[in-house]
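In what follows, every heavy atom counts, from backbone to side chain, and hydrogens, waters and symmetry copies are set aside. Residue numbers run from 1 in the order of the sequence given.
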Amino acid sequence: MSVSRSYLGRLNRAEGLNFEDKISDACSFYWKEGWACIEKTPEPMTPIRPYGRSGQFIAYYTGQAQPDFKGVLQGGRCIIFDAKRTSNDRIAQGAVTAKQAEMFDKYEKMEALCYVLVSINNEKFYRIPWETWKGMKETFGHKYMAAKELEPYEVPYYKGIILFLQGVEI
């Protein structure tokens with residue numbers, strides 16, 4: 001029995017949204033604790049017309065997406081990161097778009113904390129510094145990170161919260 005591509009696409013989108021919801025929950029936790037104010041970056045799109053239920057619409061993208069989350073840590077340090085998930089045992093460097101890479105480089109030049117937050121099967125979570133991500137080929141010899149290479153970057157998942165700031169100096 002084969003699974004349709006559209007079904008796999010819907011499943012991947014749902015799992016991606018689940019990952020982003022977990023990150024948003026963590027952002028709320030960090031806000032309540034007074035450690036950070038981090039928000040989801042809206043997708044660049046323009047609505048065309050209403051669709052179905054209230055709040056739904058047909059839209060088109062007006063540009064390439066920026067990194068998913070931006071904010072500030074207590075004390076004023078800027079943080080920016082993108083969420084990438086996979087159901088494989090590795091994550092490809094190409095998961096970050098050219099536009100996202102451009103934004104990471106700009107923020108990095110201004111000394112912001114820049115990361116790619118990775119989920120493998122929504123079970124394990126990793127915070128990879130942008131410098132490491134963009135240097136995969138030089139560091140690992142290939143343009144992906146396998147599960148073993150991700151291990152040093154693992155962050156705890158405790159009581160339903162991805163503690164992605166664990167180990168970040170605030």
Quick one: does any side-chain atom of [X] pair with a main-chain N or O of [Y] as donor and acceptor, under 3.5 Å?
X      : Y      : result
Thr132 : Ile128 : no
Asp25  : Ile161 : no
Lys70  : Ile80  : no
Glu149 : Ala146 : yes
Trp133 : Gln93  : yes

Looking at every heavy atom in both [X] and [Y], which two are closest together, and how far apart are they?
X      : Y      : value
Ser87  : Asn121 : CA-OD1, 3.0 Å
Met103 : Pro67  : CB-CD, 3.7 Å
Val116 : Trp130 : CG2-CE3, 4.2 Å

Give a yes or no on whether [X] atom [atom1] has more than 12 heavy-atom contacts from other residues, nucleotides or ligands under 6.0 Å away.
X      : atom1 : result
Glu138 : CD    : yes
Glu111 : CD    : no
Glu39  : CD    : no

Exercise. Taking it one step at a time, do Phe19 and Leu117 satisfy side chain to side chain contact (heavy atoms under 4.5 Å, CB included)?
Worked result: CA-CA 10 Å; Phe19 180 36; Leu117 197 58; 4.2 Å; yes

Measure the shortest side-chain to side-chain distance between [X] and [Y] over non-hydrogen atoms and say whether it is less than 4.5 angstrom.
X      : Y      : answer
Tyr157 : Lys124 : no
Asp82  : Asp68  : yes
Tyr107 : Leu113 : no

For this session: Could you tell me whether Arg127 sits above the aromatic face of Tyr153, with NZ or CZ closer than 6.0 angstrom to the six-membered ring centre and within 45 degrees of the axis?
Result: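 Geometry flag: not set, cation outside 6.0 Å or 45°.
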
Going from [atom1] on [X] to [atom2] on [Y], what distance comes out if it is rounded to the nearest 0.5 angstrom?
X      : Y      : atom1 : atom2 : result
Lys148 : Glu151 : NZ    : CD    : 4.5 Å
Leu165 : Ile38  : CG    : CD1   : 5.0 Å
Ile120 : Thr86  : CD1   : OG1   : 6.5 Å
Trp35  : Trp31  : CH2   : CH2   : 14.0 Å
Phe29  : Lys159 : CZ    : NZ    : 10.5 Å
Met145 : Arg90  : CE    : CZ    : 12.5 Å

For this session: Look at the rings of Tyr30 and Phe164 and say which category their plane angle falls in: under 30° parallel, 30 to 60° tilted, over 60° perpendicular.
Result: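 Rings of Tyr30 and Phe164: perpendicular, over 60°.
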
Exercise. Taking the six-membered ring for Trp, are Phe81 and Phe69 parallel (under 30°), tilted (30 to 60°) or perpendicular (over 60°)?
Worked result: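 Because their plane-to-plane angle is under 30°, the rings of Phe81 and Phe69 count as parallel.
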
[X] with [Y], same ILVMFWY side-chain cluster at under 4.5 Å:
X      : Y      : result
Ile162 : Leu150 : no
Ile23  : Tyr126 : no
Phe125 : Tyr158 : yes
Val118 : Val155 : no
Ile91  : Tyr115 : no

For this session: Start with the C-alpha gap between Gln100 and Lys84, add the side-chain angles, then the distance that decides, and say whether side chain to side chain contact (heavy atoms under 4.5 Å, CB included) holds.
Result: CA-CA 12 Å; Gln100 291 168 332; Lys84 299 296 181 189; 3.4 Å; yes

Exercise. Quick one: do the Ser119 and Asn122 side chains pair a donor with an acceptor below 3.5 Å?
Worked result: yes

Seminar exercise, completed: From the list Glu123, Glu15, Glu20, salt bridge (charged side-chain N to carboxylate O under 4.0 Å, His left out) partner of Arg85 resolves to Glu15

For this session: Tell me, with the steps shown, if Lys134 and Asp105 meet salt bridge (Lys or Arg N to Asp or Glu O under 4.0 Å).
Result: CA-CA 10 Å; Lys134 69 180 178 179; Asp105 287 339; 3.1 Å; yes

